[in-house]
Amino acid sequence: MFLGGAVTFAVGLAIYAIVPLTFAINILAKLLMSVGGGTAMLGALKRFSPPTPPAALPEVEPSLLAERRRRLRAILLERGAAATFEFLLEKSRWTQQAVLSTLLDMKERGEVLEDLDYDTGEWVYRLQSDAADLGLAPSLEDRRLALAQGDERP
């Protein structure tokens, strides 16, 4: 963006300096210089401004979050298998933000496991208790907690 603006400005300046000045040429050259200068300035601002952090999810009232966790847990129990984000979104009929904040909270609490299904390429979510029932290998976090509690095997 910066480079394109600088080139446009230079073309306008060259036209202004080289071509005999008529009214139309004067307008064209000044237009190119104005547009080029503005585009170069915006490009420089964009390039050198600090990146904006991703938007944080708004705080959710704890009682509401607890109810959402209960409902998502019920959906996952009813499903009996891992569920995709889209499935949970459709089944709960909530907004993406509500499902996302609830899943993030459940994941932080260790209630839900997030796993990549290599067959479909989609992220799936299952309850922690389902993972133990399926005989899946413990995660690094499970192993760390087991060692902290003094168990050699999780």
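Heads up: numbering here begins at 1 and tracks the sequence.
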Measure the [atom1]-[atom2] distance between [X] and [Y] for me, rounded to the nearest 0.5 Å.
{"X": "E86", "Y": "Q96", "atom1": "CD", "atom2": "CD", "answer": "8.0 Å"}
{"X": "R71", "Y": "R93", "atom1": "CZ", "atom2": "CZ", "answer": "10.0 Å"}
{"X": "L100", "Y": "L88", "atom1": "CG", "atom2": "CG", "answer": "11.5 Å"}
{"X": "L103", "Y": "Y125", "atom1": "CG", "atom2": "OH", "answer": "6.0 Å"}

Next on the checklist: Any non-hydrogen side-chain atom of I75 less than 4.5 Å from a side-chain atom of L72?
Outcome noted: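 Yes. Closest side-chain heavy atoms under 4.5 Å.
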Item to check | Co-members of I18 in a cluster of I, L, V, M, F, W and Y side chains, linked at under 4.5 Å | outcome: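 Once heavy-atom contacts under 4.5 Å are chained together, I18 still belongs with nothing else.
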Checklist entry - Who else is in F48's hydrophobic cluster (ILVMFWY, side-chain heavy atoms under 4.5 Å, direct or via others)? => result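 Via sub-4.5 Å side-chain contacts, F48 links to none.
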Checklist entry - Around atom CD of E90, are there more than 12 heavy atoms of other residues, nucleotides or ligands at under 6.0 Å? => result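 No, CD of E90 has 12 or fewer neighbouring heavy atoms, counting only those of other groups under 6.0 Å.
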For a quick test of reading the model, state the closest non-hydrogen atom pair linking [X] to [Y] and the distance between them.
{"X": "I15", "Y": "A29", "value": "CG2-CB, 4.0 Å"}
{"X": "A40", "Y": "A6", "value": "CB-N, 3.8 Å"}
{"X": "A82", "Y": "R126", "value": "CB-NH2, 3.6 Å"}
{"X": "S101", "Y": "L65", "value": "O-CD1, 4.3 Å"}
{"X": "R69", "Y": "T102", "value": "N-CG2, 3.7 Å"}
{"X": "R73", "Y": "M106", "value": "N-CE, 4.3 Å"}

Item to check | Audit row: T84, T120, side-chain contact (heavy atoms from CB on, under 4.5 Å) steps and yes/no | outcome: CA-CA 10 Å; T84 63; T120 63; 5.9 Å; no
What about [X] and [Y], same hydrophobic cluster or not, with Ile/Leu/Val/Met/Phe/Trp/Tyr joined at side-chain heavy-atom distances under 4.5 Å?
{"X": "L31", "Y": "I25", "value": "no"}
{"X": "L104", "Y": "F87", "value": "yes"}
{"X": "W123", "Y": "V99", "value": "yes"}
{"X": "L76", "Y": "W94", "value": "yes"}
{"X": "V60", "Y": "L89", "value": "no"}

Next on the checklist: With side-chain contact (heavy atoms from CB on, under 4.5 Å) as the criterion, how do F85 and E122 come out once you've worked through the C-alpha distance, each side chain's angles and the decisive distance to 0.1 Å?
Outcome noted: CA-CA 9 Å; F85 184 86; E122 293 183 311; over 6 Å; no
Checklist entry - Does a donor on one side chain sit under 3.5 Å from an acceptor on the other, for Q97 and T95? => result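 No, no side-chain donor-acceptor pair sits under 3.5 Å.
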